[in-house]
Number of protein chains: 2
Amino acid sequence: MTDPRAVRSRDAILAAASSLLLDEGPGALTHQRVAEQAGVGRATVYRHWPRPEQLLLDLMTDVDMPYFQEPEAPIHPWLHSQLRELADAMAVPHIAAVTLTLMQGALWDPNVATQRDACLEILNERLEAALALAAANREIDISVDPIDFSAILVGPIIYRVAIQAGSVSDHFIDQLIDGLGRWAVRSIRGPDQPERSSRHHESPRP
Amino acid sequence: MTDPRAVRSRDAILAAASSLLLDEGPGALTHQRVAEQAGVGRATVYRHWPRPEQLLLDLMTDVDMPYFQEPEAPIHPWLHSQLRELADAMAVPHIAAVTLTLMQGALWDPNVATQRDACLEILNERLEAALALAAANREIDISVDPIDFSAILVGPIIYRVAIQAGSVSDHFIDQLIDGLGRWAVRSIRGPDQPERSSRHHESPRP
DNA sequence: ATTCTATGAGACGATTTGACTCAAAGACGA
DNA sequence: TCGTCTTTGAGTCAAATCGTCTCATAGAAT
């Protein structure tokens with residue numbers, strides 16, 4: 001599997017599949033179209049990926065997740081920079097296409113669901129580390145569920161880019177981070193800024 | 001087009017397509033499979049929907065958007081109930097499937113994108129009305145972009161349900177609404193509760 | 001130079017697609 | 001109730017596609 005011919009074919013096929021997915025969506029990922037787009041024989045595509053879904057899965061595996069690594073204190077500017085990078089990546093049409101395909105594919109293909117869960121697990125671990133660091137620096141008042149944390153931070157960005165088809169301004173990111181202050185953070189700007197008592201859990205639970 | 005036979009066929013086909021979309025995804029929506037699932041002739045499906053994409057589009061048109069209608073003051077419990085309904089609807093697998101299909105299809109099909117934009121436009125108008133009412137009742141301090149408003153409220157719910165495949169607790173909704181207080185709302189619980197000065201726009205803009 | 005492997009081209013039956021015909025059942029007006 | 005009109009279901013048919021196969025050839029490894 002280190003044969004230069006094999007890696008050449010594999011790369012050409014992946015590039016062709018990526019281009020097709022971007023231009024025409026997952027429905028266009030047939031062996032025939034991928035083969036002619038890649039300039040390889042149809043049988044070659046079958047050899048590498050007997051089922052088209054596996055090709056799609058490999059496409060999604062290739063996108064890595066360099067976000068929320070190595071948390072830094074204070075947490076506010078770090079979060080801002082990480083969310084900025086995430087938003088910029090989602091603005092690339094190919095990334096958005098793969099992300100939405102992953103989300104949708106997980107509804108029916110258990111393998112895709114596993115793939116998606118792996119991505120989320122990484123995200124959760126990193127955000128948990130970030131929250132631990134922030135707590136150690138007395139930036140955070142109470143323990144926050146990293147799953148809620150990621151949903152509240154990442155959800156609006158996905159929504160803005162993928163659903164509203166809009167761009168993510170720095171002001172928008174600021175709003176997101178500022179919103180955290182209400183229920184989770186003692187002083188999001190650092191431990192030197194005192195804040196009155198948290199209103200967390202004050203709201204009624206019907 | 002009011003012929004009972006035609007509406008019978010049309011309903012059976014739509015139901016079959018809906019079931020297929022839910023069980024196996026948009027890729028399963030071929031004339032053949034829809035016809036046999038609906039128990040109608042294959043030519044009948046062609047007669048009603050010459051292209052399978054139109055069938056998919058009609059499926060998505062059928063889901064209505066009864067959310068954020070008729071805003072009430074105070075805005076907090078109203079928002080909570082509306083987000084609760086939205087989350088419960090998204091928890092129905094069929095709704096989530098159609099929603100994700102709509103999101104993904106909009107990336108490549110301009111007609112689907114138009115459909116999506118129409119949904120968003122409705123949402124924006126309703127949230128704008130809600131914000132206007134809240135401002136009139138002195139619940140809101142500054143003018144808020146309803147587009148940002150919906151992204152920050154709805155984004156996390158979509159993310160929680162469709163990406164994290166989790167359920168939306170009332171506590172989660174509370175966190176969302178409480179987060180608004182930091183940058184937009186004078187007192188989210190009503191005009192009788194005074195709040196200190198808003199920290200909006202205090203954050204640096206790199 | 002020789003051996004091994006991946007490739008590309010093509011053949012093949014099976015399946016799907018889209019468009020057509022046609023008899024029969026059902027809906028509607030008189 | 002009867003006659004007319006429309007929709008339907010079943011079927012045919014060519015074209016395209018799919019999945020699998022064979023085989024000669026180019027390229028890689030030794």
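Nothing here was measured: the structure is a model prediction, and the numbers come from that model. Convention: sequence-line order gives letters A, B, ...; per-chain numbering from 1.
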Inset, instruction - For the pair A/Glu36 and A/Arg42, find out whether any cationic side-chain nitrogen is under 4.0 Å from an anionic carboxylate oxygen. - result: no
Inset, instruction - Round to a whole Å and report the spacing from NE2 of A/His31 to P of C/dT16. - result: 17 Å
Inset, instruction - Give a yes/no answer on whether the side chain of A/His48 brings an N or O atom under 4.0 Å of OP1 or OP2 in C/dT7. - result: yes
Legend entry - Within 45° cone of B/Tyr67 ring axis and under 6.0 Å: B/Arg126 NZ or CZ: no
Inset, instruction - Report the residue (B/Tyr46 or A/Val40) whose heavy-atom-nearest nucleotide on DNA chain C is the more 5′ of the two. - result: A/Val40
Legend entry - Side-chain heavy atoms of B/Leu100 within contact of B/Gln104, under 4.5 Å: no
Inset, instruction - Would you confirm whether B/Gln54, through its side chain, and B/Trp49, through its main-chain N or O, come within 3.5 Å as a donor-acceptor pair? - result: no
Inset, instruction - Rounded to the nearest angstrom, tell me the gap between atom CG in A/Leu29 and atom P in D/dT17. - result: 16 Å
Legend entry - Selection from C/dT7, C/dA27, C/dT17 that lies nearest to any side-chain heavy atom of B/Asp3: C/dA27
Inset, instruction - Round to the nearest Å and state the distance from B/Arg47 atom CZ to D/dG9 atom P. - result: 8 Å
Legend entry - First of A/Ala43 and B/Gly41 reached from the 5' end of DNA chain D, by closest nucleotide: B/Gly41
Legend entry - Interatomic distance, A/Arg33 CZ vs D/dT17 P [rounded to whole Å]: 10 Å
Inset, instruction - Give the nucleotide from the list C/dG8, C/dT16, D/dA28 with an atom nearest to the side chain of B/Gln32. - result: C/dT16
Inset, instruction - Check the distance between D/dG19's C1' and A/Gln54's CD and give it to me in whole angstrom. - result: 14 Å
Inset, instruction - Among the candidates D/dT8, C/dG18, C/dT7, find the nucleotide nearest to the side-chain atoms of A/Thr44. - result: C/dT7
Inset, instruction - Measure the distance from CZ on B/Arg10 to P on D/dT6 and round it to the nearest whole Å. - result: 21 Å
Inset, instruction - Identify whether the distance between the nearest side-chain nitrogen and carboxylate oxygen of A/Arg8 and A/Asp3 falls below 4.0 Å. - result: no
Inset, instruction - Answer yes or no: side-chain N or O of B/Arg42 and base N or O of D/dG9 forming a donor-acceptor pair under 3.5 Å. - result: no
Inset, instruction - Can you figure out which of C/dA27, D/dG11, C/dG8 approaches the side chain of B/Arg5 most closely? - result: C/dA27
Inset, instruction - Describe the nucleic acid contact of A/Arg8 in one word from base, sugar-phosphate, nothing, applying a heavy-atom distance below 4.0 Å. - result: sugar-phosphate
Inset, instruction - Find the distance B/Ile13:CD1 to D/dG9:P and express it as a whole number of Å. - result: 8 Å
